[in-house]
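Here the structure comes first, spelled out in structure tokens, and everything after it is commentary.
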Amino acid sequence: MTSSLLDAVRAVFATGGALSQAEPQYRPRAGQTAMAEAVAQTICERGVLVVEAGTGVGKTYSYLVPALLSGQRVLVSTATKALQDQLFSRDLPHLVRSLGLPLRMARLKGRSSYLCLQRLLQVRLGREPLDAQVLRAVARVEDWARTTRTGDMAELPDVAEDSQVMPLVTSTRDNCVGRECAHWQACHVNHARQQALDADVTVVNHHLFFADLELRETGMTQLLPQAGVVVIDEAHQLNETGIQFAGLVLSSNQLLAYARDVMQDASQHARGMADWLVLAARLQQAVRDWRLLVGTGSSTQARLRWQGLAPETLDAATWRAAVVHVGRALRAVVQALSGVLEMAPALGQLHTRGESLLQRLAHFVRAVPDDAVRWLELGRQHLRLTESPLQIAKLVREQLMAGHPALGIKAFHAADMEPGGAWALPVETAATDTPMSQADVQLPSASVSAVHAAAQQHAHAAWIFTSATLGLGADLRWFTEPCGLQGAQVLRVDSPFDYASQAALYVPERFPLPSEPGHSAAVAQLAGEGAAVLGGRTLVLTTTLRALEPIGQLLRQRFGLLEPLDVLVQGQGSKHALMQRFRAGTVGGRGCVLVASNTFWEGVDIPGDALQLVVIDKLPFPPPDDPLVEARSRQLECLGRNPFADYVLPEAALALKQGVGRLIRTESDRGIVVVADTRLRTMGYGHSLLQAMPPMRWLEKEADWQAALQALLHPSRPAQAVRGAERRADAADGET
Ligand code: SF4
């Protein structure tokens, strides 16, 4: 089996193979093939593989080709719905066609992504007054509901994900009445889940992946154990997504939604059995009073630490009184519901949901457990109580991959994949450069059957975890440790890009420190200087949302109406709209500068000339006063480890690597990265951070930066400031 699958995989990636035939521009890449071989071997051994594949390796095909050829049921999880859609709509169908495999594919999202026919009906019949804008959106949904086949709300681009209408027309586990529902047969959620159960390849996202694990109520609970190959793409987000599900959350929005559903369902199914409107209104009022109490606190932090009986800055007695007030109002609703349970399934659901909310509320009255961290998150109109484990290792080892025979970590590098290297595979037939016929590139059905039969003998799934950034050292410990994956095989595949000639790094010698008042103005000045030369093509990445506005404002002032540049700032439109404008480059003679933070540091793909300059305002250390960061640091201290070296620095390095990774997306891209933080030159840890970045050439002086800008503007002119990548490391060494 091992050699059959390996041979088939090599044939697909070889010159003249299926990919060459399907895509004339395809060229075999050593790193891509090496990763595909490692994945093939892992599938055959039912192993666990962690692969860091640098930008440009083509990792999607590296895991999809062996997974599809293995004949196993495949489950792929991506970090976001956007990546999920791209994989499902573009990469997967293209590859399935190229390989000529008759595979059924499905995409499954969380239930909140699908129209709930029952809730739509309730909105129509509902008593709750809705404003004109929401009513218009509901009418739009009703129109579309008559024709949609999937019920996927993404088909309605004019209804935003955070639109008020979304919770009204989609379901949650709490308010779905399941088999008792009158729409059960036509239910879009059920159809999507059934398709996923029937598919050979299913694409999900990490949120759904963990929700499934937590809930055990979806069809996926049957699908996951049956998948022979599980691929977690963008795995660097797995821990953060996982702890959200492993933790406990109670929000004012959940309570208000509950009160709203009581008002609707109980009034409809148990009219006159209690004064439902009054009960629900009391609960809503108690929740609003609670939020107001927090709003009057002195702190302006978005997250309040919570180590004692109440969140910091809040008086414990007052906090407790507000919680008790909410609890009493909630208990009154639950008690009233307990007398009408038999009247309709929806009432039973409401009762169970109310009890669960009460339990959660009671949990947050007790002290914080030792192995968890708790905090209060404040939005403009809501509050959210969260208690979270510090990592998902336990969840992974005890539930997700319980009993998987993964043993001690072995670290490999792509070079080891060479014949005779440390990862030498039991090769029986070497890949060939000889052009192949269509018959050669498609697995003969007999060998497909053999591959399938052998692979299905194994009891456990093969697991592949991959991303462009998973750690600093060879063991990728930043990722494997919190995810409980010690024992996985680890592979790193370098990016094929020639960073030394494609990209340059500039860290100004003299610059205000990030803590100094003039820093944002200096960042805007530097970014403006570059953008003026390049005619835009500049992405400014800030580490905080706070820095967006001053930098954006100064750039707007600099490029006023008379200058041919549009300055876009995150928040002034949807991410999709901002990216569309930025990708378009120069439009009507106007270039573009984009100032953005958080989600723009990763997952942003702008190949070509539209992006030539990335300016990072400061080193992206995790905020030290964040409750989760504090708790993780404390935990490492208790274990006798160094929180800065083992946690803070790797977090910053990984974030920096992500940000820098926005610049070079193809082999023909050229550009400059500016890190406007002199600590990269002067502090001892600067060297570690530089080592984490791609090996770009180093621009030592301001004149070098100016010359590099000119070289980008006039590509035929050689840059005077071209220096070897080693120079950058030398410079950092000398200053640490
Ligand atoms: S089964 Fe649940 S999700 Fe489906 S229509 Fe009914 S309430 Fe909505």
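In each ligand, atom 1 is the first atom listed, and ligand 1 is the first ligand listed. Any value given below was found using the heavy atoms of this structure, including those in side chains, with hydrogens, waters and symmetry copies removed.
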Does at least one non-hydrogen atom of Arg179 fall below 4.0 angstrom from an atom of ligand 1?
->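 No.
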Do any protein N, O or S atoms sit under 2.8 Å from atom 6 (Fe) of ligand 1, and which ones are they?
->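 Listed by chain and number, the nearby protein N, O or S atoms are Cys181 SG.
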Polar side-chain atom of Ser171 near backbone of Cys176 as donor-acceptor pair, under 3.5 Å =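 Here the side-chain-to-backbone pair does not exist.
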Taking only residues two or more places apart in sequence or in another chain, which ones pass side-chain hydrogen bond (donor to acceptor under 3.5 Å, both in side chains) with Ser467?
->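 Applying side-chain hydrogen bond (donor to acceptor under 3.5 Å, both in side chains) to Ser467 gives His236.
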Between Phe245 and His207, is the ring centre distance below 6.0 Å?
->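 Ring centroids of Phe245 and His207 are less than 6.0 Å from each other.
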Inspect the surroundings of CZ in Arg581 and state if more than 12 heavy atoms from other residues, nucleotides or ligands are less than 6.0 Å away.
->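 Counting other residues, nucleotides and ligands, CZ of Arg581 exceeds 12 neighbours.
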Does one side chain, of Thr148 or Glu155, offer a donor that lies under 3.5 Å from an acceptor on the other?
->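 Yes, Glu155 and Thr148 have a side-chain donor paired with an acceptor closer than 3.5 Å.
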Distance-only polar pair, side chains of Asp261 and Gln122, donor-acceptor under 3.5 Å =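 Gln122 and Asp261 do not have a side-chain donor-acceptor pair below 3.5 Å.
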For ligand 1, which atoms have a heavy atom of Arg111 less than 4.0 angstrom away?
->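 Counting atoms of ligand 1 from 1, those under 4.0 Å from Arg111 are 3 (S).
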Minimum side-chain heavy-atom gap Leu75-Trp463 below 4.5 Å =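 With C-beta onward as the side chain, the pair stays apart.
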